[in-house]
Amino acid sequence: MNAARALIHIVDDDESIRRSLRGLVESAGHAAATYPSAQDFLTASRPDTPGCLVLDVQMPGLSGLDLQRQLAAGEGALPIIFLTGRGNIPMSVQAMKAGAVEFLTKPIDAPALLAAIGHAVERDRAVRAERSGLDELRGRYQSLTPRERDVMHGIVAGRLNKQIAAEFGTSEATVKEQRGQVMHKMAADSLAALVRIAERLGIRSEGRSYPTKDG
Amino acid sequence: MPTTAIAWSLLLPPAARRVAGQSLLAVFALAAVTLACAWYQPAEPQLTTAALLYLVIVVFLSLNGSFTAAITVSIIAVVFLQDLAAPPLFSLSFNEPLDLIALSSFLTTALVITRLVSRMRGSLEKLRASLEELGRAEKATRQQAALLDLTHDTVVVRDTQDVITFWNRGAQELYGWSATQAVGRVVHALLHTKFPVPLAQITEQLHSTGRWEGELIQTRQDSSEVVVASRWSLQRNEAALPAATLETNNDITAHKQAQDALLQAQTELARITRVTTLGELAASIAHEVNQPLTAIVADANAALNWLAMEDPNLNVVRETLTAIVKDSERAAEVLTRIRGMLSRSSQPFQACDLGVVVRETLPLVRSEFTRHSVRVEIELSADLPLVLGDFILLQQVLLNLLVNAAEASREVDPARRVVTVGTLMQRDDARLSSVLQVRDAGVGIREADLPQLFEAFYTTKPEGLGMGLSISSAILERHGGRLWVTANLDYGVTFHFSIPALVS
């Protein structure tokens, strides 16, 4: 029951499959939640924990592919592993193009499914980590004053303090001081680190874009 | 005077004319006798001799003539006797009456003789009439028997002990034995008759209704078997007791063989159609096996994982293994169903529950329905009577109707993709039937397609064989039932089939 346990969502219209997959997933040390249909999955209140979705392609009502399409439109999509009774190539291509992690045919190869679940969970954790890191950087960037942002853009574009001061019509000492503020606020210990941060935030070296949390 | 009498007599009816003629003749005879007696001994006529001669005349008249004439002549004889006793002859003066006792004795004797002779003649006539009747009847019987020899049907008459009493030429031709060889033998032993139901049951029906009809298998003199359509009629005697049985047999061996061949061809065609349908459903059926197999694989791996843990929870392992057993059975059931439907032989008819037919067939198409996002609704009647039939064939009909319904539904608006399978009991007059219905809200059937819908090789589907409904219809016919279709008020069609309920 540790917080690091991944939650595997299983959607299948067959009761036997739901029960057995839950057992398999739990025996591998993950937590499991099962849903008899895609609609049930959509309407259920799900905890925002790392995990993945094991999804039957053919179900009455909303199919697995339909659910994938709907989830892709929203944010925070879980990695999807598809299970199918009759896999055909166009179907698997479509699923993989839409971002599925795996496309497995029934009867399944259990170790392969567990491996796929492991990869998917890892990927979800990484995405979540990435997402939370980015959120922090955005917060830091938000804390900069407009002038400090201009200075930061100038720095990552490779301009010298002198050039920046000339551009804004201020003294080189002021720019130097503002540069120190930027490095401190963005928690960058070197110019290279600041450039990487700017890249993650999507600030182009020559760009004039000012990405925000909403953007 | 005689001319007038003759003229008058001509006016009389023939019988009366005969009486009159005979009487006249007798009177002449009496007159002749009287004259002879008077002439022979005129002084003392022999009254006794005359009376005896009169009696002879009366007897002759009684023998040949009518009763009335004999009586009339008897009375006239008395008059003559009286006349003879009192000459002169024919004076008709009875001055010296005869002894009254002698006269009345004569009259009585004459009358008694007349009566006796008349009765004797009546009996003789009756005897002759019945002899004639008998002769005619015998002739008719001979003619009828000759006629019975003309027919190609075999006609056998047997007594209450089943001993053959009549054997026509048709019987000789069919079985090989001549009438002389067959008559006197017990029919069922001679022909090694095989009955469709126990003989006692047939006999009971024969005695209660007077007739029986059915198919028999009999053996000819050359040991070959022959199938006959047999009709039995019971003949009763005057006391209403069974006297004889008339058995008419018709050789239907060739007809039967053709029918058997047709049935076999039909069975094979039904099987091929069934296999074709199952082939079309192969992906769906594989899915039905894949589902439990997937569960089994997952469960088995989970059990291994649990066991690999330190201090494994054996309860969980036990539950998992139990689930594996259950899913194995589920997979096996699907395979058993398929094997049943692929079977070559047709089963003897037995009591079937249409509800069970529905429950056993749906798993084969469930996945097919899911694939096209078609929902299945089931409305089974709780008190549906059993029917007599071949379970596999009934399953085939339902399978065919379900596949059609799924196909008709897959292109329509998702809200209309519902197929309802229902059973219900129907009462028509006094007859109970079990009805199965498959209703869809699909594309429907064009008016122009309706008349040929149940014909072989007629199809509206690009890849259809056009055998499904025609085979289904034939299967229902074999069950004494029928298959028909009605258009729904809103969308789609409903296929119905009904089979007479099994009366227990």
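Only this structure's heavy atoms are used, side chains among them; waters, hydrogens and symmetry mates stay out. A, B, ... follow the sequence lines: proteins, then strands. Residue 1 opens every chain.
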Trainee: Out of curiosity, Leu113(A) CG to Thr294(B) OG1, how far, rounded to the nearest 0.5 Å?
Mentor: 10.0 Å

Trainee: How long is the gap from CG on Leu24(A) to OG1 on Thr320(B), to the nearest 0.5 Å?
Mentor: 10.0 Å

Trainee: Relative to chain B, which segment of Asp12(A) carries a heavy atom at a distance below 4.5 Å: side chain, backbone, both, or neither?
Mentor: side chain

Trainee: Check Gln291(B), Arg330(B), Lys326(B) against Ser16(A) for a side chain to side chain contact (heavy atoms under 4.5 Å, CB included) and give me the one that passes.
Mentor: Arg330(B)

Trainee: Nearest 0.5 Å, please: how far is OG in Ser27(A) from CG in Leu307(B)?
Mentor: 10.0 Å

Trainee: Against chain A, work out which of Ala303(B), Ala295(B), Ala286(B) has the most heavy-atom pairs shorter than 4.5 Å and name it.
Mentor: Ala295(B)

Trainee: Take atom NE2 of His184(A) as the centre, draw a 6.0 Å sphere, and report whether it contains more than 12 heavy atoms from other residues, nucleotides or ligands.
Mentor: no

Trainee: Around His496(B), counting heavy atoms of other residues, nucleotides and ligands shown, do more than 12 lie under 6.0 Å from its NE2?
Mentor: yes

Trainee: Under a 4.5 Å cut-off applied to non-hydrogen side-chain atoms, are Lys106(A) and Leu293(B) in contact?
Mentor: no

Trainee: Supply the atom-to-atom distance Arg19(A) CZ to Asp299(B) CG, rounded to the nearest 0.5 angstrom.
Mentor: 4.5 Å

Trainee: Does CD belonging to Glu177(A) count more than 12 external heavy atoms closer than 6.0 Å?
Mentor: no

Trainee: Of all heavy-atom pairs between Leu21(A) and Ala298(B), which one has the smallest distance, and what is that distance?
Mentor: CD2-CB, 4.0 Å

Trainee: Apply side chain to side chain contact (heavy atoms under 4.5 Å, CB included) to residues Leu114(A) and Asn305(B) and explain how you reach the verdict.
Mentor: CA-CA 11 Å; Leu114(A) 287 179; Asn305(B) 287 347; 3.8 Å; yes

Trainee: What option among Asp14(A), Val25(A), Asp13(A) has the most heavy-atom pairs under 4.5 Å with chain B?
Mentor: Asp14(A)

Trainee: In this structure, are over 12 heavy atoms from other groups packed under 6.0 Å from Phe391(B) atom CZ?
Mentor: yes

Trainee: Say you draw a straight line from OG1 of Thr84(A) to CG of Asn290(B); how long is it, rounded to the nearest 0.5 Å?
Mentor: 9.0 Å

